[in-house]
Structure formats: structure tokens, C-alpha cells
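To start, the structure under review is shown below, and the notes come after it.
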Amino acid sequence: MISGFLRCGRVKESLWYFERNPFQNVVSWTAAINGFVQNGLDLDAMKLFRRMLESDVMPNDVTFTSVVRASARLCDSGLGMSIVGLIVKFGFEHNTSVCNSLITLSLRLGEIDFAQRISNRMEKKDVVSWTAILDMHVEMGNLKEARRIFEDMPERNEVSWSAMIARYSQSGNAEEAVELFHRMVQDGYYPNRSCFASIINALANLKALQAGKNIHGHVSQVGLEKDIFISSSLIDLYSRCGEIKDARLLFDLISEKNVVCWNSMVSGYSQNGQLEKAKELFDKIPKTNTVSWNTLIAGYLENEQCDKVFEVFNQMLLSGEVPNKSSFSSIFCACATMASLEKGKNIHGKILKLGLQYDVFVGTALTDMYAKSGDIMSSKKVFSRMPEKNEISWTAMIQGLAENGFAEESLILFEEMERNNSSLIPNELILSAVLFACSHCGLVDRGLWYFNSMEKVYGVKPNSRHYTCLVDMLARSGRLSEAEKCIETMPWKPDCNTWAALLSGCNKYKDDRIAKRAAMKLWEMADENSSGYVMLSNVYASAGRWVDVLNTRKFMKEKGLKKISGCSWVEVRNQIHNFYSQDGNHSQSDEIYGILELIRSEMLAV
DNA sequence: GTAGGGTTAG
């Protein structure tokens, strides 16, 4: 009777019968405890376990497996360790099932060494043990070893397949996840709901709409469409493929919504640029969590609404939600975009208090923020203290150095990265930073070598940005014909920047012939965009060709093109002060110019 | 009466 109620999720009724049962033994206690665990009521399970001990009923191996599972989900290290103590006291430390759940508990608590010690000492290992051990290797950062264990396991079941597929999908290896899924089905295993959720997740990452729809059809047929995990993944799949209406349809079908599916839907709207709808939905979430806030913040960041990023972040703090590494990395990205150094420094202080400075995402965002704000010393400091660096961290630092005028140091760092981190393969962003650095150092031959090695050595196909860097590098060093030839033969349609790079080289080396051709191209391209004309008129101006300057400006006026005025800004006490090159002067400009004049006269007097 | 696998942000 009790277990029947538990299976239906009717925990209260089952407890009512349990309390009134005069013949309680280990089995009835364990059944009741497990009822709570099955229904996610882990704290209640632990309370019942304590009552069991107080009633002098001896727990057995089954009791412990349930209790350990509950304490793993509670993620309380003190509680976990006291359970371990009890297990040893009652002599179940060699029981396979207990050890299996202990491995998972240790992994949840971040005690990987402990997990390893348990697995090494186990006398007998079953399919559950091997699945837990597989997970342990993923946790240690060794997906390959996990796969090896998976392949060598004496026996596999749908949970072990599901685990391996999920791990591939979660570590950004969606293709491998899909391949494994196919093999699983071929081998005659039937995927369960967890497996469907994982494979939909992988297909969402691949933006494989048709394949996703096929799985969706199948899942509906077998009545799993309303499973909360599966439907959340499906919402994500449709959103990522731009089918936001279908995503919403699915969302509306879910009768018992949890915070995850709300977050999925909010994320869907913001990924599709519909920030107002995202905000509207966010405001309706019955009980938000950190991810909900982070989703909204990331949405505004992605859509370049930095003021909103700060606004929502402040609301998050006011609501009492504690920001995590993800929130901070978004905030620092926003600070970097705005070059808002003062704000960034303030928030940096908060990071230290929360102990998040060693996180790779946070560290990378901080490195980038300081570099983009021109504080290269702080950027270097943060970078050098990062205990773990990924390719994005290296890109931020290499690019930051190059763009702040430390091109040589940037190249030295790139070499260091190649030397000491064989697992990091330079991506297209790093290579474009490297080319940029070579160009600014005047290291043309080295730059050419990197450019020519891109495909052969690094397996990266040069994109239009790389070609622009190459043209810029050749033009800066006066190799103008080569630069022009490069534009003509490049596999991409050259854009304004590419021609402008050539033109400014012509300007520097006074090559009228090529300049004219480059200028013509810019004229042709600049129809809707004034920047080409502006650049052209600047080139004429610096060559002293004032008639041509006037003609260009006149032509721009006739076409109704307006030069986008230059703007710079400084931040004083959390407030941004803008200065425009044309109109829209600062409200205190009289005062500012007065002080500037004062400083100037004092400098002259020295 | 049990253990291992699942969804959202970065």
C-alpha cells in the first residue's frame, strides 16, 4: 500500500499509513525514506532517517543507498561526511550499491580524490559502478578516459549509454553525442526519457531542426512530450533554430511548469532578439532563480543594451539573489563594451569577497575588460593569476596586448601559449590577433608565415578579417602592389576596411596610382555608408589635396550622407560624460575648456 | 524497499 502511494507521488498518504503502522522494521522505514527521495523531498528523507536511528532501528545497505542519494542532492558536505561515518560504523563500506552512491556523492561535493579512493577499493563492480566511474573521469576533465571505460565496460545498459551521450553533449561535442545515439539504437537499446532530453540538447546545439523534429514526433507518439526535461530541451531546440512560435506553443502546453522551462523560454526570446517579450515573460516567472536573472542579463548583453545589463544586475542584487560567476562574466563584458573601468573595478571587489576570482570565465571577462579599458597592467595581473586558462582567456590577453600597443609582448605570449599548452589549438580569433600584432610590429615576414600556415599548421581557413590584417600589414610596410594583389585574389569580397587599409598605406608612402584605384573602390562601395567617403577625404586632406577634399565633402552633402561624428567619453564617479567632435557639447564645456587653458598655460610656464 | 543518466544562463 505504502509503495503504491509513493509511486503516485502521494507522499503524505503513505506517511500517514507509515506513522500508524505498529510493526515498523528496516524495510518499512527504508520504503518511507525512499518515498521522500523519489519525490525530491531530500530534507524530509534525512529527517525521517534521523527518527529511524532514534527509534533504534538498524539501517541496512538499502537504507544507506537512499540516504546517500538524498545527501548528494542536498550538496551538504558536513552531512555527507557524517553519513560516511555511519556507513563505516554499521559496516557497509564494502557494499557495492552503497559505494556506487558514495562515488556520486563525492563527485557532487567536489571530492574527486575521495571518489577515486572508493572506486579503487571496491571489491566488486557492476554496471552502475562503471557508470559512476565514467562520470568521475568526466569530472576530472578526461572525457577520453570516460569513453575508454564506456567501451571496455563488461556490460552496458540504457543508463550508461545515456550518461555517455549526455556527457558528450554537455562538453560541446554534439556530433559525437549524435553518433553514439545512432549506435545505441542500432545495438537495440531503447532510449529512455533522460536520453531523449540529452539528444535533443545535442541537436539544439547543432541547430539540426529536421532531426530534432523527427525526435519530437517520436517522443510525442510515446507520450513523453510533456516530460519537463524533454519539453525544456525542445523549447531550446526550436528557439535556437529560430522557430520561436513553435517553442512558445510547446511552452504553453506544459501543465506543471518549473523554473527551468520558464528560463528556456525567456532565453528563447532573447536569442531571437525579442527582449521585450523576454522581459515580459521573466516578470511572470513565479519563482525566479539565479539562472533566470542570468538569462535576462545575457540577453541584454547579446543585444548590446549595456545600460539594461547594469539595471537588471542591480535589480538582481536588490531582490536578494546572489550573482554567480556567470552573472559576473556578463557584467564584466558589459563594462568592457562601455570601457567602464570605474564600475568594473567596483564589481571586481565584490568578486574577491565571493571568492570567484579564480574562475576561468570570470578571469577571462576581467582580463578583457581591463584590456579594453586600456588598463593593460591590471589585465596582465588578472591573467597571470588565473589558475586555469582556456583558449578564450589566451585570446583576450593576446589581443588586448596587441591592441594596446604591446604587439611584441603579444607575440611572445602567443609563442608561450603554443609551447606550454599543446592541447590548446589556436582558433581564428587568436590568429587574427597574432596577425594584427605582426602588422603593428612591422614583422611582415613573420606575419606572412603565420598567414600561410593558418590552414596547414592550425587548420583554420582565413576569413575576411585575416585578409584585411594581411593587406594592412603589407600596406603599412610599403609593399603596396603585393597588398593590392592580395585584395584582388582573396576568396572573400573585400569590404570597406580592406580597401581603407590599402588606401592609408598609399597615403603613407605617397603612391597616387594605387591610391586612386583604392579610392575608386571605396567610392563604389560607400553608397549607403559614409565611412568610405570620410576616409577618402581624410587621405586627400593629409596629402594636402584640398580641392579633392572639398569635392568629396560636396558629393557627400549632395547624396545626403552625414559624417558620423566622433565621440569619446570619460567616466567620473559612475557617470559617463560624452564629448562629441561636432555638436552636442558637454554641459560643463566652458568650465572644462577654462581648466584646460589653465593647465596649458602652466605647462608653458615650466 | 536501492545505487548510475536528463532541462535553462556562462
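Within every chain, numbering begins at 1; the chains are lettered A, B, ... in the order of the sequence lines, protein sequences first and strands thereafter.
A:Gln271 comes within 4.0 angstrom of sugar-phosphate atoms only, judged by non-hydrogen atoms across all strands, and of no base. Looking at heavy-atom distances under 4.0 Å, A:Arg156 makes no contact with the nucleic acid at all. A:Arg73 comes within contact range of no nucleotide atom at all, as no heavy-atom separation falls under 4.0 Å. A:Val127 comes within 4.0 angstrom of a nucleotide base, judged by non-hydrogen atoms across all strands.
When the side-chain nitrogen and oxygen atoms of A:Ser267 are compared with OP1 and OP2 of B:dA9, one or more of them lie within a distance under 4.0 Å. Taking 4.0 angstrom as the limit, A:Gln170 places none of its side-chain polar atoms (N or O) nearer than this to OP1 or OP2 of B:dA9. Dashed line: the shortest gap from a side-chain N or O of A:Arg193 to OP1 or OP2 of B:dT7 is not under 4.0 Å. Residue A:Asn34 has a polar side-chain atom (N or O) positioned under 4.0 Å from OP1 or OP2 of B:dT2. Look at A:Asn95 and you won't find any side-chain N or O under 4.0 angstrom from OP1 or OP2 of B:dT2. Note on A:Arg69: a side-chain N or O is less than 4.0 Å away from OP1 or OP2 of B:dG4.
Using modelled atom types, one finds no donor on one side chain facing an acceptor on the other under 3.5 Å when comparing A:Ser239 with A:Gln271. In summary, the side chains of A:Asp236 and A:Ser264 do not present any donor paired with an acceptor at a separation below 3.5 Å, with no hydrogens or angles considered.
Minimum atom distance to the side chain of A:Asp236 is reached by B:dA9, of the listed B:dG10, B:dA9, B:dT2. Out of B:dA9, B:dG4, B:dT7, the shortest distance to the side chain of A:Asn324 is found at B:dA9. In the set B:dA9, B:dG1, B:dG10, B:dG1 carries the atom at the smallest distance from any side-chain atom of A:Thr63. In this structure, the nucleotide among B:dA9, B:dG1, B:dG10 sitting nearest to the side chain of A:Ser329 is B:dG10. In the set B:dA9, B:dG1, B:dT8, the nucleotide with an atom closest to the side chain of A:Asn263 is B:dT8. For A:Val159, counting side-chain heavy atoms from C-beta on, the closest listed nucleotide (B:dG4, B:dG10, B:dT8) is B:dG4. Closest approach to the A:Val291 side chain among B:dG4, B:dT2, B:dT8 is made by B:dT8 (side chain taken as heavy atoms from C-beta onward). For A:Asp135, the side-chain atoms get nearest to B:dG4 when compared with the rest of B:dG1, B:dG4, B:dT8.
Looking at A:Ser97, its side chain comes within 3.5 Å of the base of B:dA3 through a donor and an acceptor atom. In terms of polar N and O atoms assigned as donor or acceptor, the side chain of A:Asp227 comes within less than 3.5 Å of the base of B:dG6 in a complementary pairing. A donor-acceptor contact under 3.5 Å is formed by the side chain of A:Asn60 with the base of B:dG1. With hydrogens and angles left out, the side chain of A:Asn157 and the base of B:dG4 share a donor-acceptor pair within 3.5 Å.
With rounding to whole Å, A:Asp126 atom CG is found 12 Å from B:dA3 atom P. Following rounding to the nearest Å, A:Asn303 (CG) and B:dA9 (P) show an atom-to-atom distance of 15 Å. At whole-Å resolution of the value, CD1 in A:Ile244 and C1' in B:dT8 are 13 Å apart. Rounded to whole Å, the distance from CE on A:Met265 to P on B:dT7 is 19 Å. Taking atom CG of A:Asn100 as the reference point, atom C1' of B:dG4 lies 7 Å away to the nearest angstrom. Rounded to whole Å, the distance from CD on A:Glu139 to P on B:dG4 is 14 Å. In this entry the distance linking CG of A:Leu296 with P of B:dA9 reads 13 Å, nearest Å. Separating the CG atom of A:Leu224 from the P atom of B:dT7 is a distance of 15 Å, rounded to the nearest angstrom.
If you look at A:Phe383 and A:Trp394, their ring centroids are closer than 6.0 Å. Aromatic rings of A:Trp262 and A:Phe282 (six-membered ring for Trp) have centroids beyond the 6.0 Å cut-off, not under it.
Look at A:Glu54 and A:Arg51 and you find no salt bridge, because none of the NZ, NE, NH1 or NH2 atoms lies under 4.0 Å from a carboxylate O.
Legend: residues meeting side-chain hydrogen bond (donor to acceptor under 3.5 Å, both in side chains) with A:Asn263, ordered by chain and number and at least two apart, are A:Asn289, A:Ser292.
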Run the side chain to side chain contact (heavy atoms under 4.5 Å, CB included) check on A:Leu134 and A:Met164 step by step: do they pass?
CA-CA 8 Å; A:Leu134 175 161; A:Met164 198 65 236; 4.0 Å; yes

